[in-house]
Structures are given as structure tokens and as C-alpha cells.
Number of protein chains: 2
Amino acid sequence: MRQYETFELSFDGATLNDQWASVDVTAVFTDQSGSKTVKGFYAGDGVYKVRYMPETVGEVSWKVSGVVSGEGKEICEPAAEDRHGIVRANGVHLMNADGSWFFSFGTTVYGLAHQDKEITEQTFDTLSKNPFNKVRMCVFPKHYDYNVNDPEYFPFEVNAGMTYTYDRGNTFNDSPFLSEKAKYWNVNQPCFAFWDAFEEKIKRLDDMGIQVDLILFHPYDRWGFSYLSAEQNRIYLEYLISRLAAFPNIWWSLANEYDICADKSQEDWYQIEECVAANDPYHHLLSNHNCFDIWDFSRENITHCSLQKRTMTLVPEMMEKYHKPVLYDECVYEGNVKQTWGSLNGEEMTNRFWKVTVHGGYCTHGEVYLDMDMENIDDAVLWWAKGGKLIGTSPARIAYLRNLMEEIGQPLVPYEGPMAFVFKPDLPKEVEDNLPDSLKSMRRSIKRMDKVDLVRHHDQETFFAGHAGEDTYLFYYGTDCCARVDINLPKDHTYKIEVIDAWNMTRETFTTGASGDLEVKLTGRPYMAVLATRES
Amino acid sequence: MRQYETFELSFDGATLNDQWASVDVTAVFTDQSGSKTVKGFYAGDGVYKVRYMPETVGEVSWKVSGVVSGEGKEICEPAAEDRHGIVRANGVHLMNADGSWFFSFGTTVYGLAHQDKEITEQTFDTLSKNPFNKVRMCVFPKHYDYNVNDPEYFPFEVNAGMTYTYDRGNTFNDSPFLSEKAKYWNVNQPCFAFWDAFEEKIKRLDDMGIQVDLILFHPYDRWGFSYLSAEQNRIYLEYLISRLAAFPNIWWSLANEYDICADKSQEDWYQIEECVAANDPYHHLLSNHNCFDIWDFSRENITHCSLQKRTMTLVPEMMEKYHKPVLYDECVYEGNVKQTWGSLNGEEMTNRFWKVTVHGGYCTHGEVYLDMDMENIDDAVLWWAKGGKLIGTSPARIAYLRNLMEEIGQPLVPYEGPMAFVFKPDLPKEVEDNLPDSLKSMRRSIKRMDKVDLVRHHDQETFFAGHAGEDTYLFYYGTDCCARVDINLPKDHTYKIEVIDAWNMTRETFTTGASGDLEVKLTGRPYMAVLATRES
């Protein structure tokens, strides 16, 4: 047993012919920090397994009871150097179990688990060469443009007497079609081949230091998985959690675009959320991803904000409202497809990563480049859908940014700049009364603006900058092509000032020993940043 | 007398030593369409003038009364080929007096009237080589970064016994300083040298087909002009209107950034608006330009919306709300200065022009490139401030767009696209009830979004497209780098489909005889547009 690595116990027992999703196997693991109760699962062929994720070094005793049983002791060895353990929220940031900060730089491969061996190996090879340390992927296969292939295995067996056949159609949220398809599946009979292969991928990702933001439901369906009943969903989730909760790199994403899953009400989602939270002994990160209306991130089970939004200014207000880490899990994708969600160029994908990152949030990448001459787009292998190769220009820049953040070594929080207060709808009376003449007339007009007008103004004028206490300031100018900028630093310390070109990935020292207010010469090009690092 | 050209009568009378801003001279001009009463003005040296802008061909009789008098007849000859007369609003668009559409492509040279001869000549030379047919300029000189020089003349003489001296300082809205300075000026003694030189520039612009969006007040002041009393303002405006209203290319812009003029209340602005409207017999275009809170464009005297906004999606909603032409008179400027209002690159300035133009609005340019090595920025000659040369990359693209619009020859109105209705907060019940399953769940979520969230969504997903009836459709993709797009055209006609690269200024025919829904191949580059022109 080794700290932060999945520990597995295996027992022989009765061979089951049906109802193998829910078996009565419970284990209690006890270490110096206390006891944890975990559920076991049936792995096929009369084999029952119990998995545990040890977090504390030293002696661990275990006791299994139910249809199989046993007890024993292990010594949990200290973590290998490259293992940092489960990621959890720490204030508005993310921290590994070992106390190091986790700077999330995500990507999206929805169907990673559902592709053939060649594409899958290519995907892992690509991931090994790129900066992404989190991948959003689905349990269920996805049916959508550029995603029309059947996987080799499905998560469940087909009901006795039924035969699965490929049945395409424009089935997005088509209620009669999907209700009918849902009848195929026997959720009491998980498909072991599916789960074994699925877990192997999760384990490989863990070995690469990559978190799995696991999408438990989604609406892009032609098989009926989005139309299972609440009871079927419970059985599916409990089986899944009993197998996967002991993987340190798992995050629970209740859904991709929960809000457009036609067959689920808000109440259904609350139940799903509760089921996941209640069955997960480790409290993996848990959130829910929207298409339009965001999930209520103030809910107790929710560990972080998982946003699909194209407005890139939301980190500060989300932090202030929810006091939780803010992840832009979808700010649309680099690519060239006709849909507006997949036609950012590399510059703009990079720009979005910087905007989110300097505010102390975390951004997620995706790529959808279509061969311009391809006639049958069903054959396309787009990274976001299936994996394969990355051909975009943003990943290299995202790697550069990740390196920078890991060099800074502390998470950032938003830095609003000295003038931001002028645009607040309400100021304390003593501040308002003592404004200089030049600001008084500005305030008079700002206070006449309605809420929508103010928000639009804010979104257009947000200063993308962050700081780590008084140690580090990172100012990012996006598409502004300034030849010079003014920055404001504390007067009590001196700073090294570096000019960073986020696109060309260059970094030059502008000056050292700087303090207070100063002017920095930039290049007149877009995507420039200024890094101020405390010297004294 | 020639249609659309300023006609001037001159009379000798008493020489005035004071109080020459307001003289009792009234003229009535009568043509086939009716009579117009205009005020005359004192031009110095005992000369009194009356100006008239004839709009109707044929016999015009006039009668002057007051401190000078006379009467006579003229034949108003038809307009020269290059004269189109005063521009007025026609629905949500702009039309010349001769019935041709006016496609406004503006630029900004605030201090055009206040520079030395060399810069001024350079400015006119630059204007002659560029696409701009409207220029925003101030009556009063401007004091601001990169605008610190005194003009040769001021609009008024200094009061007897006082001497004007250059007195710099950080005086923006500084109440004691500016109140003191305002005491210098004798508004009853307009400076004839100023007005003669000023009018000469307006006339030259008219000869070049360039409209003057004349800014009557602004807050960037060190001379006290923004702190004149209401009565002084009335005298100034009546004199100005009596001299300038007969210039066909004049538009009245009550202010630049009216809302941050510290010394003027909303009530003051209503009075100013009424004064201008009441004294202008021709009803020149009249609006008021904001810094933060927009002017109330629903007011009867206001002919069009004059916006300073960085949110580029507002044309459709402004048209719907005010039923008047929508001008983005400031969407910030191309340049490299440290202020966020002046650091767009040419690509983004071009992008903004296209966004506004395809929606059927009108956009305004400005340029603020600073020599990167310049040490004393007071010496800088920035186009937006003083004129001079243009060095940016957007003007050539704006010329290309202007040519395109003039070739289309009809104004556009916004085209929302077939899916826009899904995002409306309220739909008629029968529409809502009959939505397909796929849209029902989208609607369920969209209806849960609050107003701010919906506006942000709208601003990020606005489709920038416009049409002229079923004759022309112009779809613009901005920074989306699509390899293909779907377009939807009427099924009853056939269209020629052209692919336009707005940045590279190329245009290629994709197909002819197109109808209904079709896919168009683009380039995967940003700034692409598709033009569909009806054939049948």
C-alpha cells in the first residue's frame, strides 16, 4: 500500500448471473487519522473487489464484511515523489493532498474512453507531450456532430432477449426515440469489459499526473443513457463510485450541460448530486457544468464553480459570490468548425487562458480542427471528441503559462487596479463625499447607469491582473496593443519587473528595484503581460 | 445661389464696439416649398451677414430686416453633381437631401480647428486620401494628454483689462481653477479671426464631401469654456448657429462626454439641446455623446443615437428602442497608448466597423499611435487630437467596407438568424408550446437565467449579419475562424454568394444561383464575411 495510490483487495465468492451492480460488500479502513467505510463491487467471474485510497502514511488495518469478508493490515509507504494525492479546494484555489498547489490546465476529450486502440494510443501520446493536467471525459458515449461512432463496449449489458444495433438519427433530446432506446440497458449488469478498460485509462492518466474530470451524464445521446430512470441512475452511480472513488485523480462532473438534459429536472439533479456526495468517502471535487444557466455553486456538496461561459470576466465575481475555486470548463474551443463554439484561433484560446489564470481561476482547453477539404465529417477525428493529435497553436502557449504559474508557485487572486472603485454601484458615503472633482462627475454619471449597462461596461473594462499577496503581481493586457503601461506596486518593497509576450513566449527583464508607481515599456503588440516579483 | 450650397448676403451697417454676438438681423427666405426665417450675425468691421442653405431649385425671394435690411430674388440652380445636401435621419438610417443614402464612415480629430497651418494642411491632405466622410471635431480647444497646445485664436475675445496667459495644470474638472478661468472670456465679443478660420475649414470639408459632427461642449478644458454660465452658453450657441447653420455638412453634437462635464446638470443639457434645436431652421442632425451614461435618445430633438460604448452588439437593441439611426461615435481607437481607449490594433478597429456596419449602424474611427521612443509626449501629433498623418492599418479596410456598402447601395437592418428567437426572455405561448424537444430543454434553462446573464450571453453570441429586404444579405464572422459556415436565404430567389476577407480585402465568388439553406466554404481565418446578392 502506498500513499495516494489505489489499493485493491480481491476476494472470491459466488458467481452472479444477474443483479451484479449492487452487492453487499463493505470495508472499513482505519489509519492514524481515523476510519473510512468504503463499498466493494462485483468484478465478474465470482470476483469481488474492494478499493481504497490511502492518504496517511503508516499502519492501515482493514476489515471487509458482507458476501465476502476478511481482515488485515498494511503499511502505507510514503508517496512516490511524483504522486501528490487527491486535489481538493482550498479557499478559492486547488491544492493537492500533499499541500502543494494544483494549477489546473485542463483539456477536453469527451469520448476518450470510447475510441479504438489506435486513436486512444495517439491520444495518450499527445497528452504526454502537452501541458494539460486535467481532462474532461464522459462515461457514456457521445452522439453529436463529429461524434457518431459506437464504442467497443457500453457501460451496461443489453437486456436479455434484446440485440443492440446501430441506430443513427437526429436524436438530440428526442423523447420518444430515447425513451425507447433506454429500455435496452440492464443497469444491474455493468459491462465488466467496459469498466476494466475505462479504469485502465483513468489509471494511465493518474500515472501521467492528469486529473479526470469525469462527466457522469450528458444530453448528446442516441442510446438512451440520458433517459434512464432515477433508480437506474442510482444503481449506475453507486457501482461507478464503488469502482472509481479510490482513484486519486477522479473529479465528479455531474454532467456536461446538465441544464439541457431533457429528461432530468432540477430535483433529479439534486438527487444525483446527493447520491454522488453520499457515496464518495473521499470527497473528490464535485461540480456540475452548464450549457446556459449555471448550477447553484453555493450548494454544500459543490466544491467549485464549473462554468461554460464566453464572458471571460467572471472569476472575481464568482470568487466573491461562492468563495470556491472558479474553473472555466468551457470557454469554447480552438478550431475551425462552423459552430461558434469551435472557431477560436490559437491566439484567442491563449488569450482566454491568460485572462482566467491571472485572475486566479482555471481554464480548460479543447480543439476542433476539421480538415478543410474533408467531405464526410463523420470520419473526422477532432481532439475534443475523440482525441488523436493536437494541431492547434494554443497548447504550446498554455504550457508556457503553466510553467510560469508553477514558477510563481502561489495562486493568484484578482487585482482590480486603483480606479476600479469608481465603477462600483455603491460607495461608502465618506468615500463618495471626498472624491476629487474629476471623479465626482464620473460618479454622477455612473450612478445613473442601469445594472445591465454597468455590467457591460465592467465586462469591457475589466483589468486582467492578479497578485499573490505583495510577493507577485501579474498584469495582462490581452488584445490591448499598448506601447507603455502604468503599473502600481506597493511602496514598501522592491520588485523585479519582467515583460512577457504571452504569444511569442518571450520574457525580458525591464528593470529591477522598482517600487510604487512606474511606467513600463511594452511592445505595441497584443498579448503582453508584466510580471512584478518582490525582491526584498 | 445653388442648391445645397451656402448662400451669403452681406450688408454694411454700424460698427459695434461691444455686444456684437447678438444683433437684430432677421431674414425670411421663401421658395416653392415655403418660407424659412434665419438670423443674421455681425461679422466685424461694420459688416452684417445673413446665410441661407437652399434646398429647393427655382426662385427664392428674401427679405432682411433689423439693424440692416433689404430684399431680393435669386434663382437657385440645381445642385452640382458632387453635392448631396444636408444629411438627415430616414427611419434608422441616414439620407442625403437628394434622396441618396448616406453611409457614414466617421473619424475623430477633436482639435482640427486648433492646430498650426502645417499640421492642418497635412490633415486635409490625409482626409483627401482616406475613406472618412464625417469628422468629429470641437469648437473649443481640448486639454488632455497629447493635447496641450494653445490654438492661435479662441472663440471669444478676452475681457477688457485681462490678459490671457498659458496656464497649464492638471485641470480636468477642477472647479475653482476653471471657474476662475471662465472669467477671462467675453462671449459678447466673438473672435472674428477664430470664426472665419473655423468656417473656412468647415467649408473645405464640405467641398470634400465630409460631414462635420461639431462638438459644442466638452470637459477637457483648462481655459474655463466648460464653466461658462447658462446665459453665456446661450449667447455662444445663438451666434454659432447664426453663422454655421447654413453649412449643409454640419451636425450638432451637444458634447463630447456630456455626462462628465462637471459644471452642467441634466437640466442644463436640456436647455442647451432646446437652444440648438430652436435656433436651427434646417434641423441638422443633433445628438449628444456620453462617457458613461448615454443621452436619452428618445427625446424629440434628438435625431440619432450617438454612442460611446465598447460593447459592439448594441445596434439592434438601440434601433428597436429609439427607432433612430445608431452611430458608434466612439468604440475606442486604433493605437498604442497606455490608456485602454487607445490601444486597438488595426484588425480590431476593422472588426468593430464591420460589426456595426452589417447591423446597419455607423461606426467612427480614431487613431492614437505614439512614437515608442518619444520622451516628451506633449510633442506628439496624434490623429485623434490634432490630425496630421494616419499610420494605422484600419483606414484601408474601412475604405474597402465603405466601397462595399456604397456598391450594395441600400442600408442594412439587423438579421438575427433562425435561432435567435430561442434566446428571447419571453416567447408567445403557442411558439413555446410547439417547440421541438431539443429546444424545449434549452428554453427551460434560458428562462431560468437572470437578466444580466442573458445579456452577457447575448453579447457573446450575437450574430453579426444584416440584410436589405430580400435583395442583399451580409454575414460577418468577426474573429470566428470557421472553415465552413451555414447560411439561410429565402427559398424564392436565387443569390450570388461571395466570400469576403475583410482584413485582406479580397472577394471571391463561391457560387451563383444559390437559394435556401447552404454551406459556404470559408478560409479558417478571422474577419471573413459572406455576401449574398439576389440575382432573380
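Note that the structure is a prediction, hence the values are computed from the model and not measured. Per chain, numbering begins at 1; letters A, B, ... match sequence-line order. Worth knowing before you read on, the calculation uses all heavy atoms, side chains too, and leaves out hydrogens, waters and symmetry mates.
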- Task: Just jot down the side chain to side chain contact (heavy atoms under 4.5 Å, CB included) partners of A/Lys309, sequence neighbours excluded, or say none.
- Result: A/Asn290, A/Ile294, A/Leu307, A/Leu314, A/Tyr328, B/Met449, B/Asp453
- Message: Treating A/Asp437 as the side-chain partner and B/Ser175 as the backbone partner, does any N or O pair qualify as donor plus acceptor under 3.5 Å?
- Response: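 Yes, A/Asp437 side chain to B/Ser175 backbone: donor-acceptor pair under 3.5 Å.
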- Message: Test your reading of the model: is there a side-chain donor-acceptor pair from A/Lys440 to the backbone of B/Asn173, 3.5 Å cut-off?
- Response: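 Judged by distance alone, no pair lies under 3.5 Å.
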Greatest number of heavy atom pairs closer than 4.5 Å to chain B - which of [options]:
options                      : value
A/Gly342, A/Cys481, A/Pro526 : A/Cys481
A/Arg525, A/Met374, A/Arg443 : A/Met374
A/Cys261, A/Ser343, A/Gly335 : A/Ser343

What part of [X] lies closer than 4.5 angstrom to a heavy atom of chain A: side chain, backbone, both or neither?
X        : answer
B/Ile487 : neither
B/Tyr477 : neither
B/Glu347 : neither
B/Asp450 : neither
B/Thr479 : backbone
B/Arg444 : side chain

Can you give me the closest heavy-atom contact between [X] and [Y], atom names plus distance?
X        : Y        : value
A/Val452 : B/Lys451 : CG2-CE, 3.9 Å
B/Ser441 : A/Ile260 : OG-O, 3.4 Å
B/Arg448 : A/Asp259 : NH2-CB, 3.7 Å
A/Lys521 : B/Met372 : NZ-O, 3.2 Å
A/Arg456 : B/Val455 : NE-CG1, 3.5 Å

Pick whichever of [options] has the most heavy-atom pairs under 4.5 Å with chain A.
options                                : result
B/Ile446, B/Leu370, B/Asn345, B/Val485 : B/Ile446
B/Thr523, B/Asp480, B/Val337, B/Val332 : B/Asp480
B/Asp459, B/Leu454, B/Thr340           : B/Asp459

When rounded to the nearest 0.5 angstrom, what is the spacing between [atom1] in [X] and [atom2] in [Y]?
X        : Y        : atom1 : atom2 : result
A/Phe172 : B/Leu439 : CZ    : CG    : 8.5 Å
A/Gln339 : B/Asp486 : CD    : CG    : 8.0 Å
A/His457 : B/Gln308 : NE2   : CD    : 7.5 Å

- Query: Got B/Lys338 and A/Val520 here, is their nearest side-chain heavy-atom distance under 4.5 Å?
  - Reply: no
Heavy-atom contact with chain B under 4.5 Å, split by part of [X]:
X        : result
A/Glu257 : neither
A/Glu334 : neither
A/Thr313 : side chain
A/Phe423 : side chain
A/Leu178 : neither

- Message: Test of understanding: with ring-ring contact (aromatic ring centres under 6.0 Å, His included), list the residues that count as partners of A/Tyr227, not counting sequence neighbours.
- Response: none
